[in-house]
Amino acid sequence: MRFHNWSVVLLFISIAHAVLLDDAFSNKETINYIYRQLSQIQLINNDIIIGRTIIGNQLVGIDVKGSNSINWKIDLDNFGNHTSGLEYISSDTKVYVYDGQQSEIYQIDGMTGRLKVIELENEPIQLADDKHGMFVVDSHGGLSYIDHETGSISKIECQEDVQFLRVDGMRNGYTYLIINDSRLKKLSTQKKVIVDTEISVGGGSIKQFKSGIIVSENDQLFRFNDKKKSFDRIENDAYKNLIVIDENYLYSILIDSIKIITIKNNNKVELVEEIPIKRNSKIDLLSSSLNDFIIISDMIGTRSIYDLTDLLITKDVNSIRKFNIKTDKQFQHDFLTTENNELYLLSLNSSLFGELHSLFDGNLFKKIKPANHQYSSKTNSYIIINQPDLESTIHEVQSILQEADTGFIFTNWIHRVRRHLVELGRFIVSLAKPSLVNQGAKINEFGFDKLIIFFDEDHKQLVAIKSSNGEVFWVSEHINDNFISLNSVGKEAEEEDILVIFDSYVLVVNSHNGEVVQRIPNNNQYVEVVNVQGDGFALRTKNNKYLLPRAINEDAFFTTQVSDHEIIGQIIPAKQVLSRQTWKFGFDNENEKIIAVAKIPSESTTASLGIPLVDKTVLYKYLNPNLISILTQQSTVLKLYLLDGITGNLLHTYSHDPNLIIDPESIKIIMDDNWIIYTYFTKSPKLEQRITVVDLFHSSNPSSTSSTSNLNTTTKIGTISSKSFIYPERILSLTSTQSIHGITTKSILAITESGNLVEIPKYILNSRRIDDRHLTAEDFQNDYRMTAYDPIVAKNNYQTLNHKQQLDTGGKILIKPTHYESSIVVCYYGTGVQYCSILQPSGSFDFLSQGFDRVKLLITLVVLVVGVVISKPFVFNKKLNSEWID
C-alpha cells in the first residue's frame, strides 16, 4: 500500500513536469521568403539590395549587410496587366516601377517597402534620376519631375516633344539635360530652365553624358563651355572605349591595359597612367560623393583596386593608391558602401553570396550569405513526413533491448541503474539550466517537428527542411538527372523512406540523412510512387500500369485518370505484382471533359460512424474509403459524379445550372470522412466564388440500432444532402485537416487570391443547415454548432492563419498530425515563400493551459505526503487505544 501511494505521487510529479510543453513549440510560426536568384541588382540606402526575382516575378528589398533577410517584397504581377514590360529604376532611397502602358508610377520606399502610387497624365516611357528626384518622359512628349521626398510632380517647360533624355545631375547646384540628343537645358534647383540651347555633336550618337562631357559612339569628346553655352570639341584620335571619370579625367579600355587620360586646357587629351590588365578582365568604375575607384576583376578571383580619389584632387599621378583583394568566388556585382564610417567594397553574386572588403587596406571585413536557405521546388513537388527519431533516441532504445537480451539478472540491473542515473542527471540539469535541454528533441518527441522533402531543380539536390524552425535538416548529394516525382513510403507510426523518380533510376533515400539506400533502374518508365495497404508501395508506369516491388498478401486497388474523358480502375491480386484493368468509366460526348478528381486521403481517420441525434437515434455516415469524386464540364455545365473505386459503379450524379458560366481553372475538389467539398468561380450571371458541400449518409431515416457491421461494406448511398455557399475571395487551392485519431473537428484550409491561408471549419460548411424555418432546441442538439443557413461565408480575420506574414499564391498546402490529437502541423511551400504553423481546430483540449501552476501542485503533493507520514502514527495509536476496554 505504501509503495502504491508513492507511485501515485511520482506519477503526478512526472505529469506536472512532462505535459507542460508550451516551451517546446513556443515559436508556432516559421517563415522563409525565397528569392533564389536576382536580376537587376542595385544598392540603395547603403544597406538594402533590391532586385527582381527570376522565379516568381517579385521585387524584393534585402538587408544584405545586416540580418541578410528580406525587408520587403512586392509581387509585380499585381501591377496592371503588362508585367512582362515592367521596369524599375532606383535612386539613393526610392524605387520607381513603371510599365509604359499605364499612367501610374509606383514609388517604393527602399527601407520599408511602403508603396505610393503617383498618377501621371500620360504613360511614362523613360525615367532618369538626379539624386533628389526623378525625371519622367511620357508617351505624349512631355517632361515632368517627381520629388523623392514629397512625391510631388512639377512640369518642365519644353517647346519640343521629348522622346529621349540624358541627365547630368547636380553639378555646382545645377542639373543639365540633353533632350533627344539635340538640345541642352540647364535647370536650377527649383527645376526652372535657365539655359535652353541647341547642340550638334558630330561623330555619331551620344554614348555617355557625365560631368559636362559627352562621349560619342565613336569616342569623340565634347566638353560643355558654360560661358559659350555650347560644347567644345576635344581632340582625340588615339583612345577608344572611353569612360568618363569626372570633368577632367577619363579612361580607355584596351585588350591588355587601361589608360587614364586627362583633358588639358587646350582641349587636347594627355596620357596620365597606363595600368596593365589580363585578358577578359572585368572593369568597373565605382564612385561616391567623395571617392572614385577603378575595380579590375580577373577570372581567378583577384581584384585590383585603384583609388583615384587623391589623383582627381591633387592631379598627382603618384597619389594613385593600389592594392589587391583575393576572393573565393566570382562576383558579378560590386558596390561602394560604408560601415562604421569607413568605406567598403561590397561584392555579390546573383544569389547574394558575397564579401565585404575594406577599401583602406583590402582586408576582408565579413562574408555575406543569405540568412535563410534558398532551396525550393520549381515543380511544386513537396511532401511532409514525420521527423525520424534522433540517433540518441535510437541508441537508448537499443540499450534497453540489449539489457533484456543479456540473460544475466545482475548485468541487466547494472545497465538499468546506470541508464536511470543518466536520465536523473539530465532531469536535474534541465531544472537548473533549461537552456541546456535539447529543445529539438522535445519537439520531435511529441511530433511537432516535421520534415518537408523536395527536389531542388537548380541545385540538383534532394532537400529536407524542419518545419519547426525552417532550417535545413539534410541535403543529398548532387543528382544530375531529370526529376519526375517523389513520395514517402512506410507506416505512419514507423520510419518513412523517400522514393524519388528520375528518368534513369528510382532512388530510395534514407529520411535520417538523405543518403541513397537503393537505386532501381528506371529507363524513363516509372512516373509515380503510390502507397498501398500496409507499408507497401507501387510504381506507376507511363502506360498506366502498376508494379509492386514485391508481392503482398492482399489485393491492391488503383484508380487512374488516363485522359480528359476516361478513368480506369485496376487491381493487383494478392501474391501478384502487376496490375490489370477491372473497370472503365468514360464519356461519349467529346465536349465533356474531366476537370478534377478526388479520393479520400489514405491517412484520413474517422472517430465516429454517425451523428447522435437528440431522440437517441444515430444518423449513420456513408463511409466508403474507395469512393471517387469526379467533376466534369460540358460546355458551361458542371457535373459531379460519384464512383465506387473497386467496382466502377456509378453511385450518384448531379448537374449544375447550365446558365452558370464557370472558370474551369478555378475548380478544386477535396474529399474526407463522408463529405465532398468543391469550389469554383462563376463569371456569369455574377462574379462569385462558390463552395459546394455534399454530405453522404446511409439512410434518410436515423437508426436506433447499434448494429454497424454492414456500414462500411455496402456501396449504396442512402441520402445525399447538399448546400452551396459564397466566399468573398477567390480560392486557388484547398485541403482538409487530419488528426491522429480523427476526434478533432475537421477544417478546410484554402489559399486565396490575396495570398491568405484561411481556415473554414467544416461545421460552417454543413449541408444540414436549415434555411426555411427558425431553428429549434432539437436542431441545435442534433448537429455540432448548428446555425441557420446563410449562403455567405463571412471572411473572418481570426480564421486567417498567416495574418502576420505575407504569402504568395501558387504553392502547396501540407498537413501532418502531431502526437497530440488537438494539434496539426500546417505548412505552405512554394517558390516564393515557405511557411509553417501549428493549427488547433478544436482548441488545445489535450494540453494544460499556460495558467497551470505546477509549483503549487508539487507543493500541495509534498504537503499531503508529509501530512500522511506525520498523521499515520497518531491514527495507528488511536485505533489501538479504541481496542482497549476501560
Any side-chain heavy-atom pair from [X] and [Y] closer than 4.5 angstrom?
X      : Y      : value
Pro124 : Asp138 : no
Val117 : Glu119 : yes
Leu86  : Val97  : yes
Leu120 : Asn122 : no
Thr262 : Val269 : no
Phe335 : Ile49  : yes
Ile153 : Tyr145 : no
Asp47  : Val64  : no

- Message: Walk me through whether Ile320 and Ile260 qualify under side chain to side chain contact (heavy atoms under 4.5 Å, CB included).
- Response: CA-CA 11 Å; Ile320 299 176; Ile260 300 176; 4.2 Å; yes
Examine distances only and state if a side-chain atom of [X] and a backbone atom of [Y] form a donor-acceptor pair shorter than 3.5 Å.
X      : Y      : result
Asn340 : Glu342 : no
Asn32  : His373 : yes
Lys65  : Thr338 : yes
Ser350 : Gln37  : no
Ser211 : Ile213 : no
Asp310 : Ile313 : no
Ser358 : Phe360 : yes

Distance, nearest 0.5 Å, that separates [atom1] of [X] from [atom2] of [Y]:
X      : Y      : atom1 : atom2 : answer
Leu345 : Thr327 : CG    : OG1   : 9.5 Å
Asp147 : Met134 : CG    : CE    : 11.0 Å
Ile156 : Leu177 : CD1   : CG    : 7.5 Å
Gln42  : Arg52  : CD    : CZ    : 12.0 Å
Leu165 : Asn180 : CG    : CG    : 8.5 Å
Ile243 : Leu285 : CD1   : CG    : 8.0 Å

Going by the salt bridge (Lys or Arg N to Asp or Glu O under 4.0 Å) test, which pairs reach into [range], not counting sequence neighbours?
range            : value
residues 286-295 : none
residues 313-323 : Asp307-Arg321
residues 267-280 : Lys278-Asp298

- Task: Among residues two or more places apart or on two chains, list those pairs meeting ring-ring contact (aromatic ring centres under 6.0 Å, His included) that have a residue in residues 270-319.
- Result: none
- Query: Excluding sequence neighbours, so at least two apart, what forms side-chain contact (heavy atoms from CB on, under 4.5 Å) with Lys367?
  - Reply: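 Partners of Lys367 by the side-chain contact (heavy atoms from CB on, under 4.5 Å) criterion, ordered by chain and then number, come out as Asp328, Glu355, Leu364.
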- Message: Once side-chain contact (heavy atoms from CB on, under 4.5 Å) is applied, do any residues pair with Pro728, and if so which ones, sequence neighbours excluded?
- Response: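 Checked Pro728 against side-chain contact (heavy atoms from CB on, under 4.5 Å); matches are Lys795.
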Is [X] salt-bridged to [Y], going by a charged N under 4.0 Å from an acidic O?
X      : Y      : value
Lys185 : Glu160 : yes
Asp109 : Lys116 : no
Lys240 : Asp219 : no
Asp334 : Lys282 : yes

- Quick one: is the NZ or CZ of Lys186 closer than 6.0 Å to the six-membered ring centre of Tyr176, and within 45° of its axis?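 No, Lys186 and Tyr176 do not form such a contact.
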- Query: Cationic tip of Arg166 within the cone over Phe209's six-membered ring, i.e. under 6.0 Å and within 45° of the normal?
  - Reply: no
My understanding is that only residues two or more places apart in sequence, or in another chain, count here; which of them pass ring pair (Phe, Tyr, Trp, His ring centres under 6.0 Å) with [X]?
X      : answer
Tyr344 : Phe365
Phe231 : Phe224
Phe331 : none
Tyr829 : Tyr382

Show the nearest heavy-atom pair for residues [X] and [Y], with the distance to one decimal.
X      : Y      : answer
His357 : Gly362 : ND1-O, 3.3 Å
Tyr35  : Gln374 : N-OE1, 2.7 Å
Ser188 : Tyr174 : CA-CD2, 4.2 Å
Ser90  : Asp129 : O-OD2, 4.2 Å

- Is it true that atom CD of Gln332 has more than 12 heavy atoms of other residues, nucleotides or ligands lying nearer than 6.0 Å? yes
- Message: Tell me which pairs pass side-chain hydrogen bond (donor to acceptor under 3.5 Å, both in side chains) where either residue lies in residues 241-252, with sequence neighbours left out.
- Response: none
- side-chain hydrogen bond (donor to acceptor under 3.5 Å, both in side chains) partner of Asp196, the single match among Arg183, Gln159, Lys229: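 Result: among Arg183, Gln159, Lys229, Arg183 is the only option passing the side-chain hydrogen bond (donor to acceptor under 3.5 Å, both in side chains) with Asp196.
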- Message: I'd like to check the side chain to side chain donor-acceptor pair (under 3.5 Å) partners of Lys259; sequence neighbours left out, ordered by chain and number.
- Response: none
